[in-house]
Amino acid sequence: MSSLRILVGCKRVIDYAVKIRVNAGQTAVEVAGVKHSMNPFDEIAVEEAVRLRERHTKDPASGSPKVEEIIAVSCGPAKAQETLRTALAMGADRAIHVEVDEKQAANLQPLAVAQLFRAIIEKEKPHLVILGKQAIDDDAGQTGEMLAGLLNWPQGTFANKIDITGDNAMKVVREIDGGLETLSTKLPAVVTTDLRLNEPRYASLPNIMKAKKKPLVKMTPADLSVDITPRLETIKVTEPSKRQGGKKVESVDELLDKLKNEAGVL
Amino acid sequence: MHLIRPVQGRPLTTSTPSLLRPTTSQAGPALTSEKYPQLKRNPSFKSLTSEDVSHFRKILSPGSVLSTLATPDAPATEAEELHAYNSDWMGKYLGQSRCILRPKTTEQVSQILQYCHAQRLAVVPQGGNTGLVGGSVPVFDEVVLSLNNMNKIRSFDPISGVLVCDAGCVLESLDNYVAEQDHIMPLDLGAKGSCHIGGNISTNAGGIRYLRYGSLHGSVLGLEVVLPDGTVLENLSTLRKDSTGYDIKQLFIGAEGTLGIVTGVSIVAPPRPKVQTVAVLGVDSYESVQKTFIAAKQNLTEIISAFEFWDRSSMNMVLAHAGTNARDPLADEYPFYVLIETSGFKKEHDDEKFSEFLEMVMEKGFVTDGVLSENASQITMFWYLRETIAEATVKTGPTYKYDVSIPVPQLYNLVLDTRQRLTDMGLYKEGSADYAVKEVTGYGHVGDSNLHLNVVAKEYSPTVSSALEPFIYEWIANHKGSISAEHGLGLMKAPYLCYSKGPSMIQTMQRFKQLMDPHGIMNPYKYLPAAEKSA
């Protein structure tokens, strides 16, 4: 393969530094008025695509193929466009926004997303798809695997290193329990990113400005003939039980008394 | 889920001084009294006796009195345990107090001062002990009255935003508390994880929200103060407006414990902004820093909440000190960096304004490159660069710190002139580590005309001190600045007050001091020049 087309996924999620609150009806978490940003694992995916490009531009002799195009895709509400602009500012060339309304977005499930991606991939024909290993909002961690299954492509999940050599070959180092595993596969393939794959760059101001002029195409699930009706039902959402605060005691006697009579451990 | 979700806010920046506090592994600093032989212990002060300690033990619970003097009912405390109260976090000052008192109530503070007043025992009030001018540590054997145990929130009114609390509450815990009710403390500074609100008020602290919320002289609505003779001055007003009588609380804001001890605070907390954005900009000259500042004032007016700057030397120290905790956000190196923060209530509104502003300053060439926060952790990272400077300088070497106000156009000239002077004297060469001075660095709050000049030396030495002082103070007097913008006077700057205040001002201050504290027991040797006795 002379040059590579890479497609990356970018989900808009509640910012990972925000303290999450469950809504009053216990049906979901509060999203109104809460800071959102790109799913951190997706940021790593965008960064990796841009680094693959840079690897070739900086040293064409490295064997890393030329990256012809990086396409960022997000399925979500209108505001997902902000997330796509961030991806464009980081170095993606164009973006595709599959728009769903706020209500549908709140319950857009991995299988539906994988099907939307498949439909786009069949049109765009990328050689490599990089997705986050999971989105930090629902923590499902299924989209990449489902997508590979639907496409019948090989997959390298939880990647902490990606190497592409000539001749369609890719090496993925995976984070597994107790160590690392190295896989070799042929492209096209799906890769999902783990935390240690790279450290995403900050979007620079000149690039943020350039990103405003990069093409962003909007479509709907209907345009892609995908049914996004949820298959799973959320019964109830609750907060983890609160940690009980510690207590200070004045004396050893009081401590013994509390251990005996309150904690009942003596 | 392998990501660690930090607490909301800027957690990396919360504990600057406490990280640095115990430097006992090195040969400790010299006693303040030895370093400053011109300071003489006031002979009219009584030397502490075990009877005094016994008396304190009657006022306070046994664990609240630490003393190296044994009493009939309690053994002596190890001197080691008093060390933290006798020394400052920079390792610059070391006192010899033999007694630490940690009252829990205003009544106890009152009883202690009443006794000390009668017995002529000198007292140093101490908050979080994060000060930079030696104001919160004893010079000789003064009794330390620590407010560590007075840390209760007394009330909060979500309608007016007025918080009433003990003086020993840590600033960050107060901010976390009011945050739960959608409010924000009107001040924020690097030491927020350790400093007390009482200490903030007693030093008239500024910090990074000053640009937005203004001085403590405006946001403090009332104080409860124990006067040197034990009288409790009750003025915990929660009123925004009150024009009855002398506004006595203002005297205690910035009095550094020389007129009494602040034990309770009433302060107004503004509504907490819901969206924040931070940009770090690379700027080619100080001239362009000023142009960017003017543009920011005019275009970001009501949403701007900080405008900070630092120079290349600061950035180098931070990056060297932070290791993998931070990286240079920009691709190239710049002589100056500007951090702009906006805080508001509607993201679309603020984003539009901010991006128009950024486009303009880049088009006009004031700013060459920059980054804009895309998420909350980037906000944390960008602030980390600015807030770690103080810590990084101290880690680089013993640091002479000057916190001064200078009109914005001349602000950075002080750094350049100091560098030039040290170079001329053969004490410094830019980029070389072989001289007595390693770095001369400037950073601070451009928005408030406040410069932090830090001179990082190989060691504290008379040669370096005399090269810097009174040169810097004279320079500031010539440029109509202030020798202390937000750090106070303490021991360090007391002799130099005359560079900022004329004789009639100093004499009036001395008369106030004489009136409130006739025996001079409160935080002696500091704040006001020793000069002639005004008695």
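FYI, side chains are in, hydrogens and waters are out, and symmetry mates aren't considered; it's all heavy atoms of this structure. Numbered from 1 within each chain, the chains take letters A, B, ... in sequence-line order. Only a predicted model underlies this, so the values are computations on that prediction, with no experimental measurement involved.
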Which atoms of B:Leu281 approach chain A - backbone, side chain, both or neither, heavy atom under 4.5 Å: side chain
- request: Check whether any side-chain heavy atom of A:Ser204 sits under 4.5 Å from a side-chain heavy atom of B:Leu330, and report yes or no.
  value: no
message: Do B:Lys347 and A:Glu82 have side chains that approach each other closer than 4.5 Å (heavy atoms only, starting at C-beta)?
response: yes
- request: Look up atom NZ in A:Lys35 and atom CD in B:Gln276, then write down how far apart they are to the nearest 0.5 Å.
  value: 9.0 Å
query: Is B:Arg154 atom CZ crowded by more than 12 heavy atoms from other residues, nucleotides or ligands, each under 6.0 Å away?
result: yes
- prompt: Considering only heavy atoms from C-beta outward, does the side chain of A:Lys212 approach that of B:Ser355 to under 4.5 Å?
  reply: yes
- request: Tell me, yes or no, whether the heavy-atom count around A:Glu102 atom CD, taken from other residues, nucleotides or ligands under 6.0 Å, exceeds 12.
  value: no
message: What part of B:Phe345 gets within 4.5 angstrom of chain A, counting heavy atoms only: side chain, backbone, both, or neither?
response: neither
message: Could you check whether any side-chain heavy atom of B:Glu374 comes within less than 4.5 Å of a side-chain heavy atom of A:Tyr202, counting everything from C-beta outward?
response: no
message: Could you check whether A:Lys79 pairs with B:Glu348 (Lys NZ or Arg NE/NH1/NH2 to Asp/Glu carboxylate O, under 4.0 Å)?
response: yes
- prompt: Any sub-3.5 Å donor-acceptor pair from B:Asn375's side-chain atoms to A:Asp15's backbone N or O?
  reply: no
message: What part of B:Lys346 gets within 4.5 angstrom of chain A, counting heavy atoms only: side chain, backbone, both, or neither?
response: neither
- prompt: Is A:Ile208 close to B:Val371 at the side-chain level, that is, under 4.5 Å between some pair of heavy atoms?
  reply: no
- prompt: What part of A:Glu43 is in contact with chain B, defined as an atom under 4.5 angstrom from a non-hydrogen atom: side chain, backbone, both or neither?
  reply: side chain
